[in-house]
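Worksheet: the structure to be examined is printed underneath.
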Amino acid sequence: MTAERTAPERLTEDQAAAELARLAAAIARHDRLYHQEDAPEISDAAYDALRRRNDAIEARFPQLVCADSPNRRIGAAPASGFAKVTHRVPMLSLDNAFEDADVQAFDQRVRRFLGLGADEPVPLVAEPKIDGLAIALHYEDGRFVLGATRGDGTTGEDVTRNLATLRSIPARLKGRTPARLEVRGEVYMERADFLALNRAREAADEPVFANPRNSAAGSLRQKDMAVTASRPLRFFAYGWGDLAEDLGPTQWACLDRLDALGFTTNPERKLCAGVDEALGLWRAIEAKRASLPYDIDGVVYKVDRLDWQARLGSVGRVPRWALAHKFSAETARTTVEDIVVQVGRTGALTPVANLAPVTVGGVVVSRATLHNEDEIQRKDIRVGDTVVIQRAGDVIPQVLAVDLDQRPKDARPFDVPTACPVCGSAAVREDGEAVRRCTGGLTCPAQAVERLRHFVGRDAFDIEGLGEKQIAAFFEAGLVRAPADLFRLEARDATAEPRLAEREGWGTVSAANLFHAIAERRRVPLARFIHALGVRRVGEGMARVLARRYRTFAAWRSAMDAVARGDADARADLLAIDKVGDAVADALAAFFAEPHNERTLDALAAEVTVEDAEERAAGTTLAGKTVVFTGTLERMTRDEAKARAEALGATVAGSVSRKTDFVVVGSDAGSKAAKARELGVTTMTEDEWLALAEAALGGRPPPAGRGGRGKWRGTS
DNA sequence: TCCCCTCGAGTTCA
DNA sequence: CTCGAGGGGA
């Protein structure tokens with residue numbers, strides 16, 4: 001009897017591995033025949049049988065799931081042939097609010113930022129937040145030329161042909177049209193259409209969609225645009241990206257203009273005089289939620305005046321001028337089957353609840369983080385308890401409360417670990433800290449592996465094809481113990497036994513791909529490099545700050561070495577940087593005092609080229625200058641002044657030092673102005689500063705974020 | 001010294 | 001996404 005017919009549970013591990021490899025190859029081949037060559041050799045049913053067999057074996061032997069598992073490949077490469085599109089203006093996400101108080105706070109924040117009085121209302125445009133897919137539509141001279149999904153906000157997929165089949169997306173705009181226009185909005189499916197579609201699919205013995213959102217997503221990402229055309233998709237326009245000319249002075253006027261151009265905007269939209277009226281609209285929409293023909297998950301508020309929107313700008317990926325006020329999330333009840341402890345990169349021990357699987361908000365949830373021991377105590381969560389869970393912000397599962405009436409007699413409280421569950425080192429909780437940490441450092445395999453994962457992660461070295469499994473396997477096999485080992489992998493592999501390509505889960509192609517991905521990262525910007533090291537308290541933002549200040553790897557390293565040696569000047573320099581305090585300085589000193597880390601750096605320096613940090617906004621006269629604001633500013637708020645200065649390439653510091661270039665002195669300035677005089681640092685008034693900023697700008701609009709020059713970069 | 005805001009580090013599931 | 005802690009303004 002061939003292994004092929006054997007029930008998965010009766011396969012030996014070797015047989016299973018062999019069969020998985022065979023299935024992966026077969027499925028990949030049929031995928032290609034189906035998607036790219038449009039010439040399937042087997043029926044869909046036969047194909048499904050292959051997939052099911054693969055899944056069953058993977059479920060039985062999870063340790064054998066490898067990089068080229070068909071299930072992974074689908075997620076990793078939405079390969080079905082959509083080109084990538086880079087959004088020239090990133091598609092931001094929205095800050096969320098769940099309660100009236102959060103909305104009031106938003107209003108306050110906006111008012112404070114703009115320097116408005118308490119009695120000056122901020123008019124808001126409110127409209128339902130459609131539960132669909134965010135889309136960007138590009139028009140040139142009135143013609144629809146490109147449509148893309150949001151993707152990660154920076155890069156999405158080109159689904160132009162599919163979008164062109166939607167009635168509510170005009171192929172040509174009406175009336176006078178801007179030369180270039182990017183309209184943004186939501187593609188969705190009405191509930192009635194969704195139900196009808198599912199009935200038809202059921203009748204045709206096809207799998208049904210879980211909800212209208214998934215249904216819309218699935219319909220849009222069809223290879224065959226005829227299929228998309230047959231699906232009842234619709235589009236609401238609610239915003240814009242790249243524009244050749246303004247659509248109007250306010251959000252409201254722009255929405256009217258979009259209507260006039262031939263788009264559909266949401267009929268529930270309303271211009272509210274202030275936050276109270278907006279909250280009233282929220283309640284009205286919540287009340288009629290069920291009677292709306294489409295699913296919504298809240299109401300979006302946007303500051304109406306576009307000049308205010310521009311002044312407010314955005315923080316990270318979130319605009320300060322918009323807010324999503326969500327309806328309360330769906331909850332579910334389930335039982336806690338176990339509480340396990342995970343070890344993070346810094347040794348943090350995190351308790352996680354294993355739950356009896358339950359569906360919440362359309363997804364099956366089986367785990368939820370419990371954060372730390374205090375949290376468990378506060379909520380009194382025990383193994384065996386029935387708990388109420390929700391998906392916070394509709395994503396991350398969260399335990400809300402315990403149903404004490406349902407507590408079984410034998411419910412077991414969580415045992416606080418005194419030793420690391422992985423390496424057995426003592427697990428201690430420092431005074432005043434909420435987390436307990438494994439003290440094993442890099443001798444703890446869990447920490448070592450997590451650090452490597454961080455090193456190759458997307459925000460750090462970004463090495464493709466190295467996930468948790470692969471890193472763990474390499475570590476286990478002794479191939480990669482420290483970051484530099486990655487860069488020696490290929491050379492070492494030439495003489496290794498067995499070769500990587502002969503290892504389980506790898507083939508010649510995947511091995512070559514990996515070596516290629518690693519080789520591509522031998523040049524790395526300083527900020528990424530610093531972040532990759534995983535120094536405590538030094539994340540992405542801090543790494544950028546440090547890179548900007550020290551410019552070169554050599555300068556940074558020697559400065560940090562000096563700090564570690566206790567050099568007071570070096571430490572003072574470090575602390576003079578805005579956002580660097582004692583805790584960060586101590587963390588860096590501790591890292592560089594560790595001989596092991598010094599060796600790691602030496603080894604890495606021999607393998608990679610660290611690129612010097614570029615001057616931000618180079619070319620403006622303020623680039624690289626350090627500015628300190630003090631006293632009360634009259635013409636702009638502090639936040640605004642700071643955002644402006646940074647956009648011009650300046651660094652805004654909190655305190656005056658010898659390194660400070662200008663001190664902008666507002667009214668009622670105190671010690672900082674005095675210190676500036678004492679050190680002989682240039683001081684100026686607010687008006688002088690504004691003139692300087694204006695001159696630095698040279699009449700150009702502030703530089704947009706980093707990203708593509710040129711047109712949409714067609715990678716992939 | 002206190003409070004607010006931002007950032008870091010943790011985590012889920014598709 | 002959330003919690004906790006650091007940094008910096010008041």
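Quantities reported herein were computed from a predicted structural model and do not represent experimental measurements. Convention: sequence-line order gives letters A, B, ...; per-chain numbering from 1.
At the phosphate of C:dG6, OP1 or OP2 sits under 4.0 Å from a side-chain N or O atom of A:Arg537. Dashed line: the shortest gap from a side-chain N or O of A:Asn214 to OP1 or OP2 of B:dA14 is not under 4.0 Å. Distances shown here put every side-chain N or O of A:Arg453 at or beyond 4.0 Å from the OP1 or OP2 atom of B:dG10.
Candidate nucleotides B:dT11, C:dG6, B:dC5 were compared by shortest atom distance to the side chain of A:Thr369, and B:dT11 ranks first. Relative to the side chain of A:Met542, the nucleotides B:dT11, B:dG8, C:dG8 differ in distance, and B:dG8 lies closest. When distances are taken from the side chain of A:Gln342 to each of C:dG4, C:dC3, B:dT11, the shortest belongs to B:dT11. Checked against B:dA9, C:dG7, B:dT11, the side chain of A:Val584 finds its nearest nucleotide in C:dG7. Proximity note for A:Val352 (side chain, C-beta onward) versus B:dC4, B:dG10, B:dT12: the nearest is B:dT12. Distance from the side chain of A:Thr346 is smallest to B:dA9 among B:dC13, B:dA9, B:dC5. Of the listed nucleotides (B:dC13, B:dT11, C:dC3), C:dC3 has the atom at the smallest distance from the side chain of A:His371. The side chain of A:Lys579 has B:dC7 as its nearest neighbour among C:dT2, B:dC7, C:dG4.
Here the side chain of A:Arg320 pairs a donor or acceptor atom with the backbone of A:Leu312 at under 3.5 angstrom.
Per the geometry, CG belonging to A:Leu574 stands 13 Å off C1' belonging to C:dG7, to the nearest Å. A:Arg544 has its CZ atom 13 Å from the C1' atom of B:dG8, to the nearest Å. Taking atom CD of A:Glu450 as the reference point, atom C1' of B:dG8 lies 15 Å away to the nearest angstrom. B:dC5 atom C1' lies 15 Å from atom CD of A:Gln108, rounded to whole Å. In this structure, A:Leu400 places its CG atom 11 Å from P of C:dT2, rounding to the nearest Å. Atom CD1 in A:Ile376 sits roughly 13 Å away from atom P in B:dT11 (whole-Å rounding). Distance CG (A:Asn372) to C1' (B:dT11): 13 Å, rounded to an integer number of Å. A:Leu370 places its CG atom 10 Å from the P atom of B:dT12, with the value rounded to the nearest Å.
Across all strands shown, A:Val435 has no heavy atoms under 4.0 Å from either base or sugar-phosphate atoms. Residue A:Glu375 is classed as having no contact, given no heavy-atom separation below 4.0 Å to the nucleic acid.
The pair A:Arg429-A:Asp374 counts as a salt bridge, with a side-chain nitrogen and a carboxylate oxygen less than 4.0 angstrom apart.
Residues passing the side-chain hydrogen bond (donor to acceptor under 3.5 Å, both in side chains) test with A:Gln447, sequence neighbours excluded: none.
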Could you walk me through whether A:Val388 and A:Leu400 satisfy the side-chain contact (heavy atoms from CB on, under 4.5 Å) test, starting with their C-alpha distance in whole Å, then the side-chain angles of each, then the deciding distance to 0.1 Å, before giving a yes or no?
CA-CA 6 Å; A:Val388 179; A:Leu400 289 176; 4.2 Å; yes
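Within the structure, salt bridge (Lys or Arg N to Asp or Glu O under 4.0 Å) pairs that include any residue of residues 583-592 of chain A comprise A:Arg571-A:Asp586 (at least two apart or interchain).
Projected onto DNA chain B by closest heavy-atom contact, A:Thr350 and A:Arg367 fall at different nucleotides, the more 5' of which corresponds to A:Thr350.
Taking the six-membered ring for Trp, A:Phe113 and A:Trp321 have ring centres at least 6.0 Å apart.
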